[in-house]
There are 2 protein chains.
Amino acid sequence: MLLPIELAILDAGLTIQPREGSFFGFALARTLAERDGSALVSHGTLYRALNRMDAAGLLESEWEAPELAEADGRPRRRLYRVTGAGEAAFRAAARTEQQRGTVTGEALA
Amino acid sequence: MLLPIELAILDAGLTIQPREGSFFGFALARTLAERDGSALVSHGTLYRALNRMDAAGLLESEWEAPELAEADGRPRRRLYRVTGAGEAAFRAAARTEQQRGTVTGEALA
DNA sequence: GACTTATACGCACATAGGTGCGTATAGTCA
DNA sequence: TGACTATACGCACCTATGTGCGTATAAGTC
């Protein structure tokens, strides 16, 4: 079963992905913090969840091109995309969880 | 004239450079902190000094290869080397400053 | 139902480079 | 010598990812 954090990551990821193509940990933390009013999820927990889901095949990832980070004068980002398996797992879990308000359901539209 | 920080950077840089080939800001901060007992120089001040000296031609710099940072699982480093002009400026300044104990003089050996 | 075990979590901190802002210090000029 | 200006400085914080450690919570076993 999907944990609440994993559900939230897939939810936010599937919302951002069609617009931006991919998403990364730090921005995701900001998004989740805004969504829940305050910083519900610590950075350590989020990055561990991302690695876990990457290893499990729910997400796929790659390092951003160094030139982009260099041009913006910031550290490199690790870019994530929700895989087919991730989306399937999300849709299955969201249907049962939506009534409890655990997810926004935004990505189900 | 060279500022104390700039003198310290050149001193440490010229000590490390023959061994390591180059040096970077974060390790330099550790070295200077150990040398003076405690953290005399804040990170912001150090990085600003490095940029200043880079622009002035006392140092030259390049970003580390992304693969190295990735293999070690850490952010990329900016690698600095003391230029000929930097070494000349250091030797000139160190001769007059050494009596006051401002530099270790290690790099003059 | 109690007892053990696995793991997800938050907190603190590390690694690396960098900016914004107010102050202190040094240098310049009248 | 006093006022005025430039800049170097420390402090706090930002961007981004990640680990170590102790705890809380859930799952599994007897």
Side-chain angles (χ1 to χ4, degrees), chain A residues 1-10 16 20 22-34 36 38-56 58-59 61-80 93 102, chain B residues 1-10 13 16 20 22-34 36 38-56 58-59 61-80 93 97 102:
Chain A
M1 264 300 296
L2 287 176
L3 295 162
I5 284 189
E6 295 170 345
L7 217 54
I9 289 173
L10 291 173
I16 298 164
E20 314 274 337
S22 61
F23 55 96
F24 63 101
F26 201 75
L28 207 58
R30 268 198 306 253
T31 303
L32 297 182
E34 281 165 27
D36 305 304
S38 71
L40 204 87
V41 165
S42 74
H43 282 187
T45 303
L46 180 66
Y47 285 114
R48 263 184 273 251
L50 287 170
N51 284 337
R52 205 192 310 144
M53 293 165 76
D54 195 0
L58 301 174
L59 301 176
S61 70
E62 64 184 333
W63 282 98
E64 179 191 40
E67 301 83 34
L68 282 172
E70 217 160 303
D72 284 8
R74 50 160 180 72
R76 274 174 101 189
R77 298 168 178 165
R78 186 160 194 98
L79 302 176
Y80 293 90
T102 319
Chain B
M1 263 301 297
L2 286 176
L3 295 162
I5 286 190
E6 295 170 345
L7 216 54
I9 288 173
L10 291 173
I16 299 164
E20 315 273 338
S22 61
F23 56 96
F24 63 100
F26 203 76
L28 207 58
R30 269 198 305 253
T31 303
L32 297 183
E34 282 166 25
D36 304 304
S38 71
L40 203 87
V41 166
S42 75
H43 281 190
T45 304
L46 180 65
Y47 286 116
R48 263 185 273 249
L50 286 170
N51 284 337
R52 205 192 310 145
M53 294 166 75
D54 196 0
L58 301 175
L59 301 176
S61 70
E62 63 184 332
W63 281 98
E64 179 191 40
E67 301 83 34
L68 283 172
E70 219 161 301
D72 284 9
R74 50 160 180 73
R76 274 173 102 189
R77 297 167 179 166
R78 187 161 194 98
L79 303 176
Y80 293 91
E97 294 287 330
T102 319

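Side chains are part of it too, since the values below use all heavy atoms of this structure and drop only hydrogens, waters and symmetry mates. The structure displayed is predicted, hence computed values, not measured ones.
Following rounding to the nearest Å, A/F26 (CZ) and D/dC14 (P) show an atom-to-atom distance of 8 Å. Between the CG atom of A/L32 and the P atom of C/dG10 there is a distance of 11 Å, rounded to whole Å. The separation between B/I9 atom CD1 and D/dA8 atom P is 12 Å, rounded to whole Å. To the nearest angstrom, P of C/dC9 lies 12 Å from CG of A/L7. Distance, A/L46 CG to D/dG18 C1': 11 Å, rounded to whole Å. Rounded to a whole Å, the OH atom of B/Y80 is 10 Å from the C1' atom of C/dG18. B/N51 places its CG atom 13 Å from the P atom of D/dC9, with the value rounded to the nearest Å. Across the protein-nucleic acid pair, A/H43 atom NE2 and D/dC14 atom C1' stand 11 Å apart, rounded to whole Å.
Applying the side-chain hydrogen bond (donor to acceptor under 3.5 Å, both in side chains) test to B/R74 and every residue at least two apart in sequence or in another chain returns B/E64.
The listed nucleotides are D/dA8, D/dT17, C/dC9; the one nearest the side chain of B/R52 is D/dA8. Between D/dG10, C/dC9, C/dA16, one nucleotide has an atom nearer to the side chain of B/T45 than all others, and that is D/dG10. The side chain of B/L3 lies closest to D/dA8, out of D/dA16, D/dG10, D/dA8.
Between B/E70 and A/R76, at least one side-chain nitrogen of the basic residue sits less than 4.0 Å from a carboxylate oxygen of the acidic one, meeting the salt-bridge criterion.
Taking the side chain as every heavy atom from C-beta outward, B/L79 and B/F23 never approach each other to under 4.5 Å. Side-chain contact check for B/L10 versus B/M53: some heavy-atom pair is nearer than 4.5 Å.
Taking the centre and axis of the six-membered ring of B/F24, the NZ or CZ atom of B/R78 falls outside the cone set by 45° and 6.0 Å.
Within residues 64-77 of chain A, the residues having any heavy atom closer than 4.0 Å to DNA chain D are, in order of number, A/R74, A/P75, A/R76, A/R77.
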Going through the distances and angles, do B/L32 and B/I5 end up as a side-chain contact (heavy atoms from CB on, under 4.5 Å)? CA-CA 9 Å; B/L32 297 183; B/I5 286 190; 5.8 Å; no
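In this structure, B/E6 contributes its side chain and B/L3 its backbone to a donor-acceptor pair below 3.5 Å.
Distances shorter than 4.0 Å separate some side-chain N or O of B/Y47 from OP1 or OP2 on C/dG17.
Residue contacts shown for B/L50 are absent, as no nucleic acid heavy atom lies under 4.0 Å away.
Judged by distance alone, with hydrogens and angles left aside, B/R48 brings a side-chain donor or acceptor within reach of the base of D/dG10, the pair sitting under 3.5 Å.
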